[in-house]
Number of protein chains: 2
Amino acid sequence: MAAEPLTREQVLAAAEEALRRYGPTKMNVVDVAQALGVSHGSVYRHFPTKAALRAAVVRKGLEKKAAQLLPIAEESGPAADRLHRWLLALIEFKQRLAREDPELFGAHAVVDKDDAALVREHVGVLTGQIARILEDGVDSGEFRGSALEGSALAIWHATTRFHHPAHRYEWTDPKIGEDFERVWTLILDGLT
Amino acid sequence: MAAEPLTREQVLAAAEEALRRYGPTKMNVVDVAQALGVSHGSVYRHFPTKAALRAAVVRKGLEKKAAQLLPIAEESGPAADRLHRWLLALIEFKQRLAREDPELFGAHAVVDKDDAALVREHVGVLTGQIARILEDGVDSGEFRGSALEGSALAIWHATTRFHHPAHRYEWTDPKIGEDFERVWTLILDGLT
DNA sequence: GGAATGACAGATGTCAATATTTGTCAGCCG
DNA sequence: CGGCTGACAAATATTGACATCTGTCATTCC
C-alpha cells in the first residue's frame, strides 16, 4: 500500500477508544486492529502484550493528569491555597473520570493493581509537584520547614481515600467533599 | 430432646469457625448447622438470612476490636502518645487479622461493602474513642482545641490506607510502617 | 406450644465442553 | 527489505447442563 505505515500513536488512540467503550476486560486486540483496518498481528509490532498496550493507554492518561496539575504547582501565590486547589483538582479529575468514563477508569484500576512500577513512577511525579508547592510555602514562611519530601508523601497517603480507585464507591457519598475538607484542615494545621 | 435449645451464641460461634475455615464465599449454613448437630432450618430461627449471620459474626469481631482499643483511649497520660499507640494498635489489629485469618478478614471486607449501616456505626464508635483522646489532649493543653469531632473523623480518613480492607495488598510493602509514621507526623503537627 | 425438622422451589455456584482471544511466526506484498 | 498478514498453538473466557445452597413452611416432636 501507498498508505502510511501504522503508527504507535494510532494504535494507542484506537486502544483508548476500545477501552472506553468495552472496558478493561472486554476490550480485545482483534477489535482494536479491526478499528484500524489492520490485522491484530500488526498491533503486536508496537506493543509486546495486551497488558502493555493497556498500560500505555493508562500511562498516557496519567501523564495528561500530571500535565493538568503542573500549572497549579508552578503558579506563584499563596502556597496553602495552591495546595488546596491542587488537591481538589486531583480529586476532581479522578472522580470525574470514574463518573464519566467508568470503563476507562476501570482500566486505571486494573493497571494500578498489576503494574506497580508505573504507579510508583506516577506517585513520584505527583508527590514531586506537592513537594514543589511545599518548598514555595516554606520559602515564603507560610509553612514550617520540616521534612519536605516526607510531607509530600504523607499528604499523598493522607488523601488516599479521595483519589485511590479502590474507594471509588465511596465517592458517591454526598459527604465526601465535607470529609475531604476536614482532612485538608488537619493537613493545613500540620503545615502552618 | 431434653437437651438445651440452640442459642444464638452457639450459632454465632459455629458460624465464626466456619467463616474462619472456609471464608465468606464457601461458608454455607448447612455446614454451620451440621457442626451444631442441627438442621439448617434451625439456624434460620436465629438469623433471618445468611448475610445477617455473616454480619453478626463480623460485628462481634468489630466490637472486640473496639473493646481492645478502649483502654488506650481511657488511659491517662500524654494524649499524643496515646493517640499514636491507639492508631498503631488499630492498624496492628487489622493487619494481623488480614495476615493470620485471611478468610475471616475477607468476611470483614464483604460486610464492609454491603452493610453500610454497620460500618457507619463502627466508625462512629472508633472516632468517638479518638475524640476522647483529643479532648484529653485539649484539656491538658497538649493539643489546640479546634473542631474535636471533625478532627477525629479527619484522622480516621487520613489513615484510611493503613486500616481499610481495600488496601490490604499494600500492607505487605515493607515501607508501610514508614509511610504511616510520616502521616502520623503530619497529623501530630496539625494537632499541636 | 415452643423448638426443630426436612421436603421443596428458586437462586446460586460448579465444571467440563466449547468458543474466543492472545501471542508467534513463516511467508507474502509492494 | 520493512511492514503486514493470517494460520496456528496455548491461554482464557463463555456457556449450559448439573449440583448445591438458601430460605420457607407445613408438619412432627417433646
Side-chain angles (χ1 to χ4, degrees), chain A residues 1-59 103-104 106-107 109-111 113-115 118, chain B residues 1-59 102-104 106-107 109-111 113-115:
Chain A
M1 288 251 181
E4 298 300 308
L6 185 67
T7 68
R8 191 189 142 92
E9 284 312 308
Q10 287 176 295
V11 177
L12 217 45
E16 179 174 334
E17 179 54 24
L19 226 32
R20 204 188 300 277
R21 248 230 265 285
Y22 304 117
T25 53
K26 298 277 185 185
M27 165 258 209
N28 66 281
V29 347
V30 175
D31 286 348
V32 172
Q34 201 157 70
L36 292 161
V38 119
S39 88
H40 77 279
S42 295
V43 170
Y44 283 96
R45 177 159 292 282
H46 296 278
F47 297 93
T49 64
K50 178 184 171 180
L53 176 57
R54 208 172 40 203
V57 171
V58 169
R59 167 187 290 268
E103 300 290 14
L104 191 53
V110 166
V111 170
K113 269 214 163 170
D114 52 40
D115 189 342
L118 179 54
Chain B
M1 286 242 184
E4 299 301 308
L6 185 66
T7 68
R8 194 189 140 92
E9 284 313 309
Q10 287 176 293
V11 177
L12 218 43
E16 179 174 334
E17 179 54 24
L19 226 32
R20 202 188 302 277
R21 247 229 267 283
Y22 304 118
T25 54
K26 299 277 185 185
M27 165 259 210
N28 66 282
V29 347
V30 176
D31 286 349
V32 172
Q34 201 157 68
L36 293 160
V38 121
S39 86
H40 79 279
S42 294
V43 170
Y44 283 95
R45 176 161 294 284
H46 297 278
F47 298 92
T49 65
K50 180 185 169 178
L53 175 57
R54 207 172 39 202
V57 172
V58 170
R59 167 186 291 268
E103 300 290 13
L104 191 52
V110 166
V111 169
K113 270 216 162 169
D114 52 40
D115 191 341

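Residue numbers begin at 1 in each chain, while the letters A, B, ... track the order of the sequences.
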Completion exercise
So, with a heavy-atom separation below 4.0 Å from DNA chain C, the residues of residues 11-19 of chain B are none

Exercise for the section: Would you kindly give the CG-to-P distance between Asn28(B) and dG23(D), to the nearest whole Å? Expected result: 11 Å

Fill in the blank from the handout: When every non-hydrogen atom of Ala15(A) is compared with those of Met27(A), the smallest separation belongs to CB-CE, 4.2 Å

Please tabulate, for side-chain N and O atoms in residues 28-46 of chain B, each donor-acceptor pair with protein atoms closer than 3.5 Å (sequence neighbours left out).
{"unit_1": "Ser39(B)", "atom_1": "OG", "unit_2": "Gly41(B)", "atom_2": "N", "d": "3.4"}
{"unit_1": "His46(B)", "atom_1": "NE2", "unit_2": "Leu6(B)", "atom_2": "O", "d": "3.2"}

Exercise for the section: Please list residues of residues 31-57 of chain B whose heavy atoms come under 4.0 Å from any atom in DNA chain C, ordered by number; otherwise none. Expected result: Val38(B), Ser39(B), His40(B), Gly41(B), Ser42(B), Arg45(B)

Completion exercise
the helix from dG1(C)-dC30(D) to dG30(C)-dC1(D): angle between terminal helix axes, five bp per end, to the nearest 10 degrees, reads 10°

Handout entry: Pairwise side chain to side chain donor-acceptor pair (under 3.5 Å) hits with a residue in residues 15-27 of chain B, at least two apart
Key = Glu16(B)-Arg20(B), Arg20(B)-Asp101(B)

Fill in the blank from the handout: When every non-hydrogen atom of Asp115(A) is compared with those of Ala55(A), the smallest separation belongs to OD2-CB, 3.9 Å

Pairs under 3.5 Å (N/O, protein and nucleotides 9-18 of chain C):
{"unit_1": "dT14(C)", "atom_1": "OP1", "unit_2": "Lys26(B)", "atom_2": "NZ", "d": "3.0"}

Fill in the blank from the handout: In short, Pro24(B) meets Leu19(B) closest at the heavy-atom pair CA-CD1, 3.8 Å

Problem - Residues Arg8(B), Phe47(B); criterion side chain to side chain contact (heavy atoms under 4.5 Å, CB included); working and verdict - result: CA-CA 8 Å; Arg8(B) 194 189 140 92; Phe47(B) 298 92; 3.3 Å; yes

Exercise for the section: Indicate, with a heavy-atom threshold strictly under 4.0 Å, whether Val29(B) touches base, sugar-phosphate, or nothing. Expected result: sugar-phosphate

